Amino acid sequence: MASDEGAKSRRAGFPPTRKSLGQHFLTDRRILGRIADALHLKGDETVLEIGPGRGALTDLLAERAGRLIAIEYDRALAAMLRERYARRSNVLVAEADVLEVSLGELAAGPYVLVGNVPYYITTPILFHALVPPRADRAVYLVQREVAQRLVASPGGKEYGALTVNVGAVARAETLFGVPSGAFSPPPKVESAVVRITPLAQPLISQEEERPFRTLVQGAFGMRRKQMRRVVRSLYALDAAQADALLAAAGIEPADRPEVLSVGQFVALLRGAGKR
Ligand code: SAM
């Protein structure tokens, strides 16, 4: 199977497929069109694409974006894309690790974000993209399980640090599922397209983002513990102090982190800040 893929790539004139870089190329034209449509481009915007690969989505975006910056880590693919778009003044191919670049700085102004992202770093990419200045909207093709985590409600097993950190600043929605057969080579998991739109009024300020993330990661690191234990451990409190802090935030001491709403995490952060 793998050697079939290699032979197909070579015949098509593509560089060898690097599975270690999460290279599963989307070949279904209808789905590629639906992803581009989901961005609702107006024609004059700056679009950042994460992991353009062989350029299947890039081709559509280049037609619809005012300016397109495609960030590809694979040197051979980046070189191939540079050549392909050499005559298009609105397309820039940046050879870089997306986690190492500031998306806002690269865009140098308002931007929208899109990516059929490499699955070995999906969650780090989603967190990276939360760093301000954020995209006006983002559309990602991700593992179905990550899509479920993004839109999960409190109490479920998918609800976690990703849900809460995204939910504090943005609205996540699943748009449609993508079967593994739509890719070449097919990944082992099913996929889904999600859109993330920043809230006009985020639940936390920019200054609160870092301590909020620390609190939320810390709490979900103790997912099976009760909140009394969690806040005692995170903020070095005795039991009475912990109960007072939780009461002020409207949280039952025996609750576990996975049942707390985003608003309760925000209240807890603010209560801890006042101590
Ligand atoms: N967008 C293409 C498509 O839809 O067919 C390719 C998608 S493929 C799932 C992910 C792409 O991300 C690959 O081209 C891979 O080389 C690239 N990639 C992997 N790690 C990366 C990183 N750290 N930074 C930027 N691109 C990366």
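None of the values given here were measured: they were computed from a predicted structure. The first residue of the sequence shown is numbered 1, and numbering continues consecutively from there. Every number for a ligand or one of its atoms is a count from 1 in the order of the listing.
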Trainee: When you measure from the centre of the six-membered ring of Y159, is the NZ or CZ of R149 closer than 6.0 Å and no more than 45° off the axis?
Mentor: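 No; the conditions do not both hold, so R149 does not lie above the ring face of Y159.
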Trainee: Return yes if some donor-acceptor pair links the side-chain N/O of R137 with the main-chain N/O of H40 below 3.5 Å, else return no.
Mentor: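 Looks like yes, one N/O pair under 3.5 Å.
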Trainee: Any side-chain donor paired with an acceptor under 3.5 Å for Y119 and S191?
Mentor: yes
Trainee: Assess, by modelled atom type and distance only, whether the side chains of E158 and T163 contain a donor and an acceptor separated by less than 3.5 Å.
Mentor: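 There is no such pair (donor and acceptor under 3.5 Å, judged by atom type) between the side chains of E158 and T163.
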Trainee: Look at the side chain of D255 and the backbone N and O of I251, then say whether any donor-acceptor pair between them is shorter than 3.5 Å.
Mentor: no
Trainee: Ligand 1: which protein N/O atoms lie under 3.5 Å from its N/O atoms?
Mentor:
from     : atom 1 : to   : atom 2 : distance (Å)
ligand 1 : 1 (N)  : G51  : O      : 2.7
ligand 1 : 1 (N)  : P52  : O      : 3.4
ligand 1 : 4 (O)  : N116 : ND2    : 2.5
ligand 1 : 5 (O)  : L26  : N      : 2.9
ligand 1 : 14 (O) : G53  : N      : 3.4
ligand 1 : 14 (O) : E72  : OE1    : 2.8
ligand 1 : 16 (O) : Q23  : NE2    : 2.8
ligand 1 : 16 (O) : E72  : OE2    : 2.6
ligand 1 : 20 (N) : Y120 : OH     : 2.8
ligand 1 : 23 (N) : D97  : OD1    : 2.9
ligand 1 : 24 (N) : V98  : N      : 2.9
ligand 1 : 26 (N) : Y73  : N      : 3.4

Trainee: Under a 3.5 Å threshold, yes or no: a donor from one side chain and an acceptor from the other, between D74 and Q23?
Mentor: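 Looking only at side-chain atoms, Q23 and D74 do form a donor-acceptor pair, the distance falling under 3.5 Å.
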